[in-house]
Amino acid sequence: LNVLLSIEISRPLNNPLSSTSVITVLYWIVTLLWFSTTISKVNTSPGTILSITTSFSSIVIDVSGSMAGEKIMRLNSAMRGFINEFYHNPSIPSNVEFRLSVLPYSTEAQWQYNTPVDLACYKWIDLESSGLTNLAKPISLLNMKLLDKEVVSSPLLSPLIVFITDGQPTDSYSKEYSLLKSNPVF
């Protein structure tokens, strides 16, 4: 089972989403999906010798101009909280290494770090908002990352991919999305 999840964070102005609720929602969605797609595949029967298994997850984040102000501040706060909470989760088996890649996008897209980073070492870099919501480039970069055997090395653990946005793309991305869906990881 491979999961592609999209979270839309637009809210009416009179009902803002607090950073605490964003942290909670993001934490539980990723935790539940990650556990359902990975931990159930790890053999933990008594007497089994477990090797270190690496799980890769990617969070693709819209940082276009519409995310300015309170939205981007809450998003940054939520991501810092999520990384801290998820890393300190006692339910994650000690033999599982959780690696994270974050891909902010607007008119352009660039990975926050070139390679996935172990959650224990992840240093969040606050994001700033500007530009349009061009989705073709991040989908293309994500597809290339998923084809990299050094990133997705184990068929045992499926990568988890989360898209966070406050709206609709401003470009055409159907070709890139078709390529992503045909990726063998999916």
inquiry  = Run the ring-ring contact (aromatic ring centres under 6.0 Å, His included) test against Tyr122 and tell me which residues pass, sequence neighbours left out.
reply    =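 ring-ring contact (aromatic ring centres under 6.0 Å, His included) list for Tyr122, sorted by chain: Tyr113.
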Under 4.5 Å between any side-chain heavy atoms of [X] and [Y], yes or no?
X      : Y      : result
Ser57  : Leu119 : no
Thr115 : Arg99  : no
Ile59  : Leu103 : no
Pro104 : Gln110 : no
Met67  : Leu75  : yes
Asp62  : Phe163 : no
Glu176 : Leu180 : no
Val162 : Val60  : no

key: Same cluster (ILVMFWY, side-chain, under 4.5 Å), Leu146 and Met144   =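 As far as the 4.5 Å side-chain criterion goes, Met144 and Leu146 are connected within one cluster.
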task = State yes or no: do Leu132 and Leu135 share one hydrophobic cluster built from I, L, V, M, F, W and Y residues joined by side-chain heavy-atom distances below 4.5 Å, directly or via other members?
result =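 Result: no, two separate clusters.
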request  = Report the residues that fulfil salt bridge (charged side-chain N to carboxylate O under 4.0 Å, His left out) with Asp171, sequence neighbours left out, ordered by chain and then residue number.
outcome  =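 Testing Asp171 for salt bridge (charged side-chain N to carboxylate O under 4.0 Å, His left out), a comparison that skips the adjacent residues, returns none.
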request  = Any chance you could measure Trp111, atom CH2, to Leu141, atom CG, to the nearest 0.5 Å?
outcome  =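 These two atoms lie 7.0 Å from each other.
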